[in-house]
**Student:** 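First, the structure itself, so that you have it in front of you.
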Amino acid sequence: MAGDALLVVSAHVGDFVWRAGGAIALHSRRGFDVHVLCLAYGERGESARYWRDGMTLEAGTGARHREAMAAAEVLGATLHTFDAGDYPLLETQELLDRVVKLYRSVMPSIVLTHTERDPWNGDHETAHTIATRARIIAQAPGYDPGHDVLGSPPVFLFEPHQTEHSGFMPDVLLDITEVWERKLEAMRCMEGQQHLWDYYTDVAKRRGSQAKRNSGPNLGLPSETMGEAYQRLYPQVATELA
Ligand SMILES: [Zn+2]
């Protein structure tokens with residue numbers, strides 16, 4: 001699959017690890033050029049431990065940057081940080097333009113981002129809006145003309161922290177067993193959110209169990225299957241049903 005690229009649009013630095021670390025490691029291993037965009041660091045809203053330890057905003061941002069760099073390296077991804085600020089993350093014209101530019105530079109064949117709804121975290125909703133809006137703009141020949149335009153890469157929404165109230169209905173279960181150790185190592189880079197390490201290990205076990213249940217008894221999934229759940233935003237295009 002050399003030549004294909006995967007782009008992950010993440011609101012904060014932890015999000016891409018918990019929700020899509022397996023997909024990132026898997027596609028990197030398959031030869032995809034994998035890029036992770038963190039719109040913000042999550043320095044205000046997703047760095048609880050640092051604030052409890054009396055850290056300043058500046059020091060917290062630096063710590064989260066180092067965590068994200070380490071996690072991206074473990075997963076085999078190139079990290080882009082736009083430092084747009086969190087709580088709240090705001091959709092500005094400048095930020096949108098930067099994301100469009102990144103789309104046209106990476107030319108992803110697959111896009112991963114947040115769900116449209118997340119009543120617990122408005123930044124995730126904003127990141128969804130920016131990711132999907134920028135994708136559409138990047139397709140328009142009339143926007144910043146003279147550059148190659150984006151095609152129509154499928155968008156997969158990754159799992160929010162509170163699934164039901166975010167309207168998340170998974171229709172893809174990804175077997176991440178072969179890269180599980182990498183995801184675990186990347187999660188452990190997120191020292192500001194240690195309370196989530198066990199939580200997302202449990203989520204991976206549960207999604208793995210559901211993957212086994214939906215793959216039939218003879219497809220050979222390992223007994224300790226680990227999984228990630230996704231929901232397609234747009235219809236799948238196919239020439240046959242499989
Ligand atoms: Zn987040």
Side-chain angles (χ1 to χ4, degrees), residues 6-24 34-52 55 57 60-72 74-75 77 79-92 95-96 98-99 102 111-134 155-168 170 183 186-204 207 228-231 233:
L6 171 71
L7 175 63
V8 183
V9 181
S10 178
H12 313 109
V13 292
D15 298 324
F16 73 90
V17 179
W18 317 121
R19 314 180 198 297
I24 294 167
V34 183
H35 293 259
V36 172
L37 168 60
C38 294
L39 296 168
Y41 286 114
E43 65 272 21
R44 293 180 198 274
E46 296 187 4
S47 305
R49 201 190 119 229
Y50 291 141
W51 287 108
R52 275 199 301 273
M55 200 176 268
L57 186 67
T61 300
R64 302 255 48 195
H65 184 78
R66 286 190 294 278
E67 290 176 3
M69 287 291 288
V74 166
L75 298 171
L79 181 71
H80 306 264
T81 53
F82 282 3
D83 194 13
D86 74 325
Y87 280 59
L89 170 68
L90 298 175
E91 181 191 3
T92 63
L95 183 55
L96 199 56
R98 291 177 77 189
V99 179
L102 185 65
V111 176
L112 308 182
T113 194
H114 294 267
T115 46
E116 182 179 7
R117 284 178 52 211
D118 186 340
W120 280 268
N121 197 314
D123 287 2
H124 296 169
E125 296 180 347
T126 304
H128 171 94
T129 301
I130 291 171
T132 52
R133 195 168 282 168
V155 177
F156 294 86
L157 308 179
F158 45 62
E159 182 158 2
H161 193 63
Q162 308 266 359
T163 53
E164 295 87 348
H165 287 86
S166 302
F168 182 70
K183 176 164 182 176
M187 291 203 296
R188 288 176 177 156
C189 294
M190 298 288 117
E191 293 179 9
Q193 294 171 290
Q194 288 186 13
H195 59 291
L196 294 177
W197 297 357
D198 286 345
Y199 181 90
Y200 278 99
T201 298
D202 291 342
V203 170
R207 293 309 188 189
E228 279 175 356
Y230 293 89
Q231 182 175 351
L233 184 59

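Each ligand, and each atom within it, is numbered from 1 in the order the structure gives.
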**Student:** Parallel, tilted or perpendicular, judged at 30° and 60°: which one describes the rings of His65 and Tyr41?
**Tutor:** perpendicular
**Student:** To the nearest 10 degrees, calculate the angle at the Zn ion (ligand 1) involving OE1 of Glu46 and OD2 of Asp15.
**Tutor:** 110°
**Student:** Looking at the Zn ion (ligand 1), which N/O/S atom of His124 is the nearest one?
**Tutor:** NE2
**Student:** Using a strict cut-off of less than 4.0 Å between a Lys/Arg side-chain nitrogen and an Asp/Glu carboxylate oxygen, indicate whether Arg133 and Glu91 qualify as a salt bridge.
**Tutor:** yes
**Student:** Can you name the N/O/S atom of His12 that is nearest the Zn ion (ligand 1)?
**Tutor:** ND1
**Student:** In terms of relative ring orientation, are His124 and His12 parallel, tilted or perpendicular, with 30° and 60° separating the classes?
**Tutor:** tilted
**Student:** Does the plane of the ring in Trp18 sit parallel, tilted or perpendicular to the ring in Tyr200? Use 30° and 60° as the thresholds.
**Tutor:** parallel
